Structures are given as C-alpha cells and as structure tokens.
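Beneath this line is the structure, given in structure tokens, with notes to follow.
Nothing here was measured: the structure is a model prediction, and the numbers come from that model.
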Amino acid sequence: MRVLVALGGNAMTAADGSVSAEDQRQAISRACVPLAELVEAGHEVVITHGNGPQVGNILRKNELAAGELPPVSLDWCGAQTQGTLGFTIVNQLEKELHRRGLERRGLGRRVVALVTRTRVDPADPAFANPVKPIGQYRDAEYAQSMSTHGQHWRDVGAKGWRRVVPSPAPVEVLETETITHLVDQGWLVVAAGGGGIPVIADDGGVRGVEAVIDKDLTAARLARSVGAEVLVIATDVDHAVVGYGTADERPIERIDPEALQTLVEEGHFASGSMGPKVQAILQFVVEGGTRGVITSLHRLAEGVAGDVGTVVSAAAAGTSSGQEGGVR
C-alpha cells in the first residue's frame, strides 16, 4: 500500500521544545521507529514534515544578526529547513532500517530527501490578509518598529504581539513527477517539508514568495498526486475530538466525509491546531483517497491499518456508536 505520512515539526524537537542539533537528531531517531515499521510491513512510504520551530529559530537569528548580515526570506528559510531536516531524517531512517535487517529480508528501501517547491496562486486572498503567525512573541514597541519595514504584526493578547504572514493554498507540488518516479523505483522519499517552498509563476519559471503553506494541506495535495491510498497525519494525540475542553468532549473514531464536514461547519476544530489537519484528511478522501487518518506518531502502523485514530473514509458511512451521521 502506498502511504503518505505527515510529521509535525514538533515531532523533531525535544519534549520541552528544545531545538538543539542533538535534541532534533534524537527526536527524529524516535520518529523513525514507527516509520520503519511501515516499511517493514511492506508499505511504500512518502514522508512530509513540519518546520515551524526550525523556521522560528532562523527568524530569531535574523533578528540577532540584523546589524551584520541581511535577513533570510521565508522561502529561503523553507529551503534551509528542508535540507537540514531532510538529511537528518534520511540519516536516522537509514540507521533504523539497517538495525532491523530489512536489507537481508528483501525489504530494504533506499531513502532520499528532495528540496521541494509548491506553487501557489498569486491572486490567493491570503496575500491580502496575512493570518499565519510565525516567530516569537514580542512587545508592541518591537512590533511597531518591524511594521515600518513592511512586516505585518498582530496583537494576540497577554503574550504580546506576533508576526503574521500569508498562508496561501497549495496548488501543485512541482516535484511530484520526480517523487512518484522514485517511489515507483523503490525509494522511500522525504519531500515537501514545511508545506513546500512557496513559489509563483514568473517569466516562464517560478520565484519564491514570502509566505507559509500549511504542511497538512500540501500533504493532502501531494498524497493524491502520487497515488497514495492512505494519508496519515501524525500528531501528539490519538484522535481528533468534538466538544474539546467541555464535559461533552469525545474522540472521533470512524467517520464519513459528510459527517466530518458537518462537524467542521459547527466549529469544532480550531484553525490554529486541529482545523487544518481535519481539512486536509477531508480533502484527501473527498478527492478519491481511500482513507485519511489523524493519530499519534507512536501508533502509526495501527493508524495506517485504520484500527486507531480519527479514520475518515466513505466506507465509514452509516457506522455509529450512539451518534448520528457516521460518527463513531
């Protein structure tokens, strides 16, 4: 089975959020254990990953070095983190596959990471309404000073101010053909890190733009494009829930797309956390994917099988556990 796994950026940091090189190597090493289980089970695997904490670090370095070096733009930040995280995932995953002796058993797969561009529409409304928060919280004075340089900042309450940037919808992952060819030839591919480097058409080619693309929406787009049957969004919880933080909170297990869309419209999923994940798996299934799953990283193999997590598929229609609309 061909599977696309979307790892969160926080899966590649220490539990306390530390992003030292060694902390990231250790976290990625742990993440590679369930990934290797999928390979061992005979699945073809494509991996995407987040990069929020890592880009935040580069932006902070921009600030600290502003008097000495020109700042790095967001498209360059994306490219840098794809390279660093991609090569680290490749290194650690190769070690885990070797540790399991998969080469001797005929299950060994070569691993490669691709610097990947994602085309967006320059007319996307997101460019006129930046809402994606990035970087650290700062005070009003700092936000005002940076606003004079063309940056957009927003007051987020007690924590202070935060920079916001456009988050346009992914239109096309430009390296899709290469990714598909590599998977067809037996490679395990790491691609579209951080949602892909955002680019727009320009004079017969493309150029990078200052934006951040949601990694889960790109994962859904890429999963359909490479012919994946299952999309798994690996997070730090076993399920999405409805009624979060209330006495009526309950996990969503098996659900059909129509019932999930109803929950979206009822406002159960926050835009800054579970909302994009739900939107991504919903999009994947509606566009023809067999199964979309949200579950925790350590239960990845069970999630691919559809045994745990929030499992979205047309086949779930009519199932229930005391709730209507295909929710169980």
Side-chain angles (χ1 to χ4, degrees), residues 1-9 12 28 35 38-39 43-52 54-55 72-94 109-122 124 166-234 276 280 283-284 287-289:
M1 182 182 296
R2 185 165 294 183
V3 179
L4 191 143
V5 178
L7 301 175
M12 290 164 285
I28 289 171
L35 291 171
L38 296 184
V39 178
H43 297 299
E44 299 174 336
V45 181
V46 179
I47 301 163
T48 68
H49 61 83
N51 65 352
Q54 293 78 16
V55 167
V72 178
S73 60
L74 282 176
D75 52 330
W76 280 46
C77 288
Q80 289 181 11
T81 57
Q82 281 190 10
T84 304
L85 292 172
F87 114 94
T88 307
I89 293 170
V90 169
N91 288 348
Q92 300 307 120
L93 190 48
E94 284 179 340
R109 286 184 176 272
R110 296 164 292 178
V111 190
V112 65
L114 293 181
V115 174
T116 314
R117 301 163 297 169
T118 300
R119 183 171 63 85
V120 299
D121 183 351
D124 191 304
S167 185
V171 174
E172 174 191 13
V173 176
L174 296 185
E175 282 68 35
T176 294
E177 184 177 352
T178 302
I179 296 165
T180 304
H181 175 74
L182 287 167
V183 177
D184 288 343
Q185 296 300 311
W187 289 81
L188 199 163
V189 182
V190 182
I197 305 164
V199 298
I200 60 173
D202 181 60
D203 194 25
V206 298
R207 63 177 173 86
V209 291
E210 286 267 47
V212 172
I213 307 170
D214 184 87
K215 68 174 180 60
D216 296 318
L217 296 181
T218 296
R221 177 69 63 204
L222 181 60
R224 290 299 302 135
S225 299
V226 302
E229 298 160 82
V230 177
L231 167 63
V232 182
I233 297 178
Q283 174 184 315
F284 174 71
E287 293 182 355

Any side-chain heavy-atom pair of T218 and D214 under 4.5 Å
no
What's the spacing between I200 CD1 and D202 CG if we round to 0.5 Å?
6.5 Å
Side chain to side chain contact (heavy atoms under 4.5 Å, CB included) between L35 and L7, worked out:
CA-CA 10 Å; L35 291 171; L7 301 175; 4.2 Å; yes
Look at E172 together with R119 and state whether they make a salt bridge at an N to O cut-off of under 4.0 Å.
yes
Dump the intermediate steps for side chain to side chain contact (heavy atoms under 4.5 Å, CB included) on I28 and L85, then the final yes or no.
CA-CA 9 Å; I28 289 171; L85 292 172; 4.1 Å; yes
Rounded to the nearest 0.5 Å, how far does CG of L222 lie from CG of L217?
12.5 Å
Side chain to side chain contact (heavy atoms under 4.5 Å, CB included), paired with L38, selected from V230, V232, V45, I47:
V45
Side chains of T118 and V199: does their closest heavy-atom pair fall under 4.5 Å?
no
Side-chain touch V112/V90, heavy atoms, less than 4.5 angstrom
no
Validation row: I179, L114 side chains within 4.5 angstrom (heavy atoms)
yes
Give the minimum heavy-atom separation between E210 and P166, together with the two atoms involved.
O-CD, 3.7 Å
Can you tell if the side chain of L188 reaches within under 4.5 Å of the side chain of V39, non-hydrogen atoms only?
yes
Are any of the side-chain nitrogens in R117 or E175 under 4.0 Å away from the carboxylate oxygens of its partner?
yes
Can you give me the closest heavy-atom contact between I197 and G78, atom names plus distance?
CG1-C, 4.2 Å
Yes or no on side chain to side chain contact (heavy atoms under 4.5 Å, CB included) for V226 and T176, after CA distance, side-chain angles and deciding distance?
CA-CA 7 Å; V226 302; T176 294; 4.2 Å; yes
Side-chain donor/acceptor of E44 to backbone N/O of M1, under 3.5 Å
no
NZ/NE/NH1/NH2 to OD/OE distance under 4.0 Å, D216 and R221:
no
List the steps, then state whether side chain to side chain contact (heavy atoms under 4.5 Å, CB included) holds for H49 with M12.
CA-CA 9 Å; H49 61 83; M12 290 164 285; 3.6 Å; yes
State, yes or no, whether a side-chain contact exists between V5 and V3 at a heavy-atom distance under 4.5 Å.
yes
Heavy-atom closest pair, residues I233 and A280
CD1-CB, 3.9 Å
Is T48 close to V190 at the side-chain level, that is, under 4.5 Å between some pair of heavy atoms?
no
For T81, is there any backbone N or O sitting under 3.5 Å from a side-chain donor or acceptor partner on T84?
no
Beyond-backbone contact of Q54 with N51, side-chain heavy atoms, under 4.5 angstrom
yes
Distance in Å, L4 CG paired with F284 CZ, rounded so as to fall on 0.5 Å steps:
8.0 Å
Count the heavy atoms belonging to other residues, nucleotides or ligands that lie under 6.0 Å from CD of E177, then report whether that count exceeds 12.
no
Give me the atom names and distance for the closest heavy-atom approach of A211 to P198.
O-CG, 3.4 Å
Can a salt bridge be assigned to the pair R110 and E94 using a cut-off of 4.0 Å between side-chain N and carboxylate O?
no
